[in-house]
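Structure first, commentary second.
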Amino acid sequence: MISLQGINKYFQDNHVLKDISLTLPKGSVTALIGPSGSGKSTLLRCVNLLEIPQSGQMQLSEEKLVFTKKPPRSQEIQKISRQTGMVFQNFALFPHKTVIENITEGLIVVHRMPKAEAIARAETLLEKVGLSHKRDVMPATLSGGQQQRVAIARALAPSPQVLLCDEPTSALDPELATEVVAVLRQLANEGTTMLMATHDLRLAASVANHTIFLEAGEIVESADSATLFHSPQKARTAEYIATLTEGLPAGSPT
């Protein structure tokens with residue numbers, strides 16, 4: 001379980017996250033939607049402590065951290081960040097390492113896993129994302145969809161408590177995005193806890209069981225995905241969804 005209570009994040013005078021509180025039950029998939037600048041990516045980065053909030057508290061599994069003016073200790077940060085896996089919009093693979101080396105690097109260097117065990121773990125994950133045959137190639141030879149699937153495998157390698165996905169399909173054309181959505185849907189069906197920021201309403205509607213609409217650093221509306229997309233309670237939510245589904249076939253985004 002992940003619990004955020006009263007999270008506030010500033011960048012100098014810019015109040016990016018305003019008193020954010022939410023709970024993510026184990027096995028849940030939650031999508032963060034909202035216009036650019038709404039705080040979606042910053043919220044993800046606060047969960048894995050790439051960004052440190054100025055106030056509030058967070059609990060991830062058994063680890064609890066209270067944010068004050070005094071920054072948390074590096075040991076406290078590591079206890080939480082090592083329980084998260086991050087999938088970035090631009091894949092962030094090591095260009096000079098093979099596919100399998102990209103996955104094993106963190107296991108060996110950060111988590112001190114024996115090399116043979118790390119390789120076995122990586123091979124299992126490559127099979128899961130359908131890329132066993134690309135084990136020894138360089139990232140530059142892969143399509144964008146394949147690179148993102150490798151990035152997902154890398155994020156899953158240390159068995160994190162939560163998988164964080166920052167716009168996982170936005171850099172891909174629709175056909176390649178479909179490959180990534182299929183992998184994320186499979187992970188959701190297997191009970192992987194996920195929090196994803198996305199502009200792709202079809203991804204949110206088809207994979208997430210809960211969706212949160214953020215704007216200007218505040219939660220405007222939070223509901224199960226079917227309700228939020230088809231019967232939003234707030235006019236601003238309905239307006240935002242309409243701008244993204246304009247021109248799509250009837251029944252979208254599901």
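Fair warning: this is a prediction, and the values are worked out from it, not measured in the lab.
- With salt bridges taken as basic N to acidic carboxylate O contacts below 4.0 Å, one links R73 and E76.
- With rounding to the nearest 0.5 Å, the separation of NE2 in H199 from CD in E167 is 5.5 Å.
- Cluster membership for L22 and M194, using ILVMFWY side-chain heavy atoms within less than 4.5 angstrom, is not shared.
- With hydrogens and angles ignored, the 3.5 Å screen pairs a side-chain donor or acceptor of Q59 with a backbone N or O of S61.
- Other residues, nucleotides and ligands contribute more than 12 heavy atoms inside 6.0 Å of the CD atom of Q186.
- Looking at every heavy atom in both residues, K40 comes nearest to L32 through CD-O, 3.3 Å.
- In this structure, the side chains of E190 and L187 come closer than 4.5 Å at one or more pairs of heavy atoms.
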Next on the checklist: Let's go through L164 and F88 carefully: what are the C-alpha distance in whole Å and the side-chain angles of both, what is the deciding distance for side chain to side chain contact (heavy atoms under 4.5 Å, CB included) to 0.1 Å, and is it a yes or a no?
Outcome noted: CA-CA 9 Å; L164 305 171; F88 298 94; over 6 Å; no
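- There is a side-chain donor-acceptor pair under 3.5 Å between D166 and S41.
- Looking only at atom types and distance, the side chain of T98 has no donor-acceptor partner in the side chain of D136 under 3.5 Å away.
- To the nearest 0.5 Å, atoms CZ (R202) and OG1 (T178) are separated by 9.0 Å.
- Pairing each heavy atom of S225 with each of T211, the nearest pair is OG-OG1, 2.8 Å.
- Shortest non-hydrogen contact noted between G39 and L17 is O-CD2, 3.5 Å.
- The backbone N or O of V137 sits nowhere less than 3.5 Å from a side-chain atom of T141 that would complete a donor-acceptor pair.
- A donor-acceptor contact closer than 3.5 angstrom links the side chains of E221 and T237.
- For K79, the NZ atom counts as loosely surrounded, since its 6.0 Å shell holds 12 or fewer non-hydrogen atoms of other residues, nucleotides or ligands.
- Between the side chain of K134 and the backbone N or O of L142, no donor-acceptor pair lies under 3.5 Å.
- For the pair N209 (side chain) and T30 (backbone), a donor-acceptor distance under 3.5 Å is absent.
- Inspection of the S222 and H210 side chains reveals an N or O donor paired with an N or O acceptor under 3.5 Å.
- A donor-acceptor contact closer than 3.5 angstrom links the side chains of R121 and S159.
- E62 CD to M1 CE: the interatomic distance, rounded to the nearest 0.5 Å, is 8.5 Å.
- Within the model, atoms CG of L156 and NZ of K128 stand 7.5 Å from one another, a figure rounded to the nearest 0.5 Å.
- Side-chain N/O atoms of S38 and E215 include no donor and acceptor closer than 3.5 Å.
- Heavy-atom minimum distance, V180 versus P168: CG1-O, 4.2 Å.
- Of all the heavy atoms in R149 and V129, the pair that sits closest is NH1-O, 2.8 Å.
- Taking CD1 of I108 as the reference point, atom NZ of K115 lies at 6.0 Å (rounded to 0.5 Å).
- Checked by atom type and distance alone, the side chain of Q54 pairs as donor or acceptor with a backbone atom of Y10 at under 3.5 Å.
- Between L214 and the options V220, I33, L43, a side chain to side chain contact (heavy atoms under 4.5 Å, CB included) holds for only L43.
- The main-chain N or O of I100 is found under 3.5 Å from a side-chain atom of T104 such that the two form a donor-acceptor pair.
- For the residue pair I20 and G217, the shortest heavy atom distance occurs at CD1-O, 3.4 Å.
- The backbone N or O of Q75 lies less than 3.5 Å from no partner atom in the side chain of Q78, so there is not a single donor-acceptor pair.
- Not one N or O on the side chain of D13 forms a donor-acceptor pair closer than 3.5 Å with the backbone of F11.
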